[in-house]
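The structure appears right after this line, and notes come after that.
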Protein chains: 4
Amino acid sequence: MTDSTRVRARGADKRRRLTAAAAQVLHRQGVERTTIADIAKAAGVPVGNVYYYFKTKDELVQAALAEHEGSLAELTGALDRLPDPLDRLKGLVDAWVGRRDVAARYGCPTGTLAAELDKRADGVLDLEAGRVIRRLLDWVERQFRELGLPDAADHAVTLVAAYQGMSLLANALRDPEIMTSQGARLTRWLDSLTADGDAS
Amino acid sequence: MTDSTRVRARGADKRRRLTAAAAQVLHRQGVERTTIADIAKAAGVPVGNVYYYFKTKDELVQAALAEHEGSLAELTGALDRLPDPLDRLKGLVDAWVGRRDVAARYGCPTGTLAAELDKRADGVLDLEAGRVIRRLLDWVERQFRELGLPDAADHAVTLVAAYQGMSLLANALRDPEIMTSQGARLTRWLDSLTADGDAS
Amino acid sequence: MTDSTRVRARGADKRRRLTAAAAQVLHRQGVERTTIADIAKAAGVPVGNVYYYFKTKDELVQAALAEHEGSLAELTGALDRLPDPLDRLKGLVDAWVGRRDVAARYGCPTGTLAAELDKRADGVLDLEAGRVIRRLLDWVERQFRELGLPDAADHAVTLVAAYQGMSLLANALRDPEIMTSQGARLTRWLDSLTADGDAS
Amino acid sequence: MTDSTRVRARGADKRRRLTAAAAQVLHRQGVERTTIADIAKAAGVPVGNVYYYFKTKDELVQAALAEHEGSLAELTGALDRLPDPLDRLKGLVDAWVGRRDVAARYGCPTGTLAAELDKRADGVLDLEAGRVIRRLLDWVERQFRELGLPDAADHAVTLVAAYQGMSLLANALRDPEIMTSQGARLTRWLDSLTADGDAS
DNA sequence: AATGAATGAGTATTCATTCAT
DNA sequence: GATGAATGAATACTCATTCAT
């Protein structure tokens, strides 16, 4: 490893730490209640130095959004290795249920971020958040289509909306059990869809 | 009408105007991005005077929450006059769809408020928001129970979560059409539930 | 004096104090080296309160500019009461010389402000500064015209430029004597202009 | 050419580039609104490296001032080759008029720098700026003396002040034409001085 | 000598809340 | 009760300067 590589690695590492910290802290505290100092502290970086990597707070928010988008891509990427689209969708639901405790405490990262950013008058970041959700919708729709179902787009909206809704309820009521029971319902629904046509 | 009565009436009016303004502005801009001055201006009340009616900003938020709770109570109260619980639930869905434009622009008032308040470390108002949602859940559950369905509680969670989810998606994607199509789906689902048992 | 008058008077007084302080401190330290805190302290006003009267630092700069414009208007207004335009112009030169010590220490308020504001990329305030100088030019030109001189506009530029130049030199060399000697020269020049036509 | 020579040459080149960049950027943006990064970028030098050549920002300002002083020396040096002092002075005026567009956009480099530096509490650099202006004054005075005129010093102040004043006005009003007309006036004045004694 | 990165002090601005009348 | 004004703590962002390599 050359010197310049090491330095670049250190710089990239700090940027990654800041991004990860931003993703977590912003999810937990929300955008408006999170200060740059909060993120800096969580990342172990002096405040002034944050601005070497991100010119504005909004850029940090965007990076956090991209981080969540990356997690999602990682998940769908792994699911894509399953041969059966139905298994992929059920795997997605399982993943959601697996994160029930985080959902019950802080909600869905993308969903809560989208909701908060939508309150802004200046529409830049809110479109970003919408884009991430759209990507999830697209992936889900593709699975439904591969299953040969009509109304794949509608089904996708139904599934993702169900996820956002159950996360919000679990969060508002602080009850992870909602994730479990609704997850089970979604799994049953997916099975029914493929078993004998569209029952919804 | 005595003078003091008139004054009290005027005072109550100001309080009401502040509450209504808070409900609307907080819904549109979110709690953190809304200043007391914003609400005061929307209500046509001088800033300094706000504090005569509400000791803190949090009390204004609480009042806004109560206002939304009141709207909900009004709606369910009206629906309660329908003889058939199924019609009541379908009426609820219709009401949601009827507000599709507001939902697409600002999301569900209670849901977005709950999501934002849940980010707070101090758990006072977030529980309030949860309580409002809980009341809706209870009302819905009661209808399902009156319909003689098993799993009334689960069904209630399903319906309300669907509403929250579709509102969030409609908002994030700025697409009121989502409210319409998902509303239709929910109506069909309600019909199927009562027609031939549980299809979900 | 009613209560509201007194309050308004107090508010107006503070605004005036802030404006006066801004005019003085900005002249002495320049725009960029002056902090809001500097002005607040000079005016005996808590920092946070400054923003009740001026929304931004730039508004304070503008107010200071207007203050200098006001001083100028006061001076020309007084000179306007002299019957002879030549006396008015000589009175103007005398006034300049009378302020030689301030000029030697801090330069001409309007001139140095204009020079500093002209460095800005965003052209808003710099035009303001130009406007103040233009007003002086116009007044001087009017006097020359009343004297029946041709090239009144050119003469005006010559006189005002001489003032700006001698102020700058006096300031750069910290030598008030320059104001005196150049003032005498300008007086002689004015006399010669009217004695036997244009000698310049 | 040995390696060390080449390196020294390269180093000297960087220093020269930095100095030139500083002279230009500081003239255009002013001292306070110019960052070290601005100058570094304009010179094509990495920020961190600037400090190898200049220990502080003030040293860069001083170098810029020296650069402007050098330009002036170059100009007067060239004019010194003219046999007639009157031609030298008229050549100086011509040079000023020749730079009318820069003057109208950014003012006289030395004059604006002097005005800005004079606002500083710590008197180090402001004296420097005064010194540069003094050198110009001395050169001009020498020409007047060679012409056999009495009051050479006063004439010098008059000429240089006129230049500073017209530059400031041209800049504040964004009007290069002022340079042209005032330049013509100065040329006439110089002619009149030598033709028939002192007309000013 | 060269350079990307680090540091920390400083600055404008916002805003909930309080106060004086 | 009503109201303009006051207060001060907080926060995003900048930048000269230093450091590690």
Side-chain angles (χ1 to χ4, degrees), chain A residues 2-8 10-15 32-40 45-60, chain B residues 4 7-8 10-11 14-15 32-40 45-60, chain C residues 2-8 10-15 32-40 45-60, chain D residues 4 7-8 10-11 14-15 32-40 45-60:
Chain A
T2 68
D3 269 13
S4 81
T5 316
R6 199 174 304 126
V7 165
R8 213 177 314 124
R10 194 140 25 82
D13 175 54
K14 237 181 193 179
R15 177 173 251 278
E32 302 295 339
R33 294 185 82 88
T34 298
T35 70
I36 296 278
D38 288 339
I39 296 173
V45 168
V47 197
N49 198 14
V50 172
Y51 286 87
Y52 184 80
Y53 296 95
F54 299 93
K55 263 189 288 296
T56 61
K57 185 180 175 182
D58 272 11
E59 275 192 18
L60 263 171
Chain B
S4 79
V7 165
R8 213 175 313 122
R10 221 176 323 118
K14 256 190 189 174
R15 174 172 253 276
E32 302 296 337
R33 293 184 85 88
T34 298
T35 69
I36 296 278
D38 288 338
I39 297 173
V45 169
V47 204
N49 200 10
V50 172
Y51 282 84
Y52 181 77
Y53 297 95
F54 300 93
K55 263 191 288 296
T56 62
K57 184 180 179 182
D58 274 10
E59 277 191 17
L60 261 172
Chain C
T2 68
D3 271 13
S4 80
T5 314
R6 199 174 304 124
V7 164
R8 213 176 314 123
R10 193 140 25 83
D13 176 55
K14 235 180 193 180
R15 177 173 249 278
E32 303 295 337
R33 292 184 84 87
T34 298
T35 69
I36 296 278
D38 288 338
I39 297 172
V45 168
V47 198
N49 198 14
V50 172
Y51 285 86
Y52 185 80
Y53 296 94
F54 299 93
K55 263 190 286 297
T56 61
K57 183 180 176 182
D58 272 11
E59 275 192 19
L60 264 171
Chain D
S4 80
V7 164
R8 214 176 312 123
R10 222 177 320 121
K14 257 190 187 174
R15 175 173 252 277
E32 301 296 338
R33 292 184 85 88
T34 297
T35 69
I36 297 277
D38 287 338
I39 297 173
V45 169
V47 204
N49 200 12
V50 172
Y51 282 84
Y52 181 77
Y53 297 95
F54 300 93
K55 262 192 289 295
T56 63
K57 184 180 177 181
D58 273 9
E59 277 192 17
L60 262 173

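Chain identifiers are assigned alphabetically (A, B, ...) following the order of the sequence lines, protein sequences preceding nucleic acid strands; residue numbering begins at 1 within each chain. Every value quoted in this text rests on a predicted model; they were computed, and no experiment measured them.
- A/Phe54 is not listed as a side-chain neighbour of A/Asp58, based on a closest heavy-atom distance of 4.5 Å or more.
- In this structure, D/Lys14 reaches the E/dA2 phosphate: one of its side-chain N or O atoms is under 4.0 Å from OP1 or OP2.
- Taking for each of D/Ile36 and C/Pro46 the nucleotide of DNA chain F with the nearest heavy atom, the 5'-most of the two is the partner of C/Pro46.
- Taking 4.0 angstrom as the limit, A/Tyr53 places none of its side-chain polar atoms (N or O) nearer than this to OP1 or OP2 of E/dA5.
- The side-chain heavy atoms of B/Ile39 and B/Val50, taken from C-beta on, include no pair separated by under 4.5 Å.
- Between C/Ala40 and C/Val47 the shortest heavy-atom distance is CB-CA, 4.0 Å.
- Contact annotation: D/Tyr52 side-chain N/O to E/dA2 OP1/OP2 distance is not under 4.0 Å.
- The base-pairing partner of F/dT21, taking Watson-Crick or G-U wobble contacts with both distances under 3.5 Å, is E/dA2.
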Would you sort out whether B/Tyr51 and B/Ile36 count as a side chain to side chain contact (heavy atoms under 4.5 Å, CB included), showing the intermediate values?
CA-CA 9 Å; B/Tyr51 282 84; B/Ile36 296 278; 3.7 Å; yes
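- Taking atom C1' in both F/dT21 and E/dA1, the straight-line distance is 12 Å, to the nearest Å.
- Neither OP1 nor OP2 of E/dT14 sits under 4.0 Å from any side-chain N or O of C/Tyr51.
- Between A/Asp58 and B/Asn49, the residue anchored nearer the 5' end of DNA chain F, judged by the nucleotide with its closest heavy atom, is B/Asn49.
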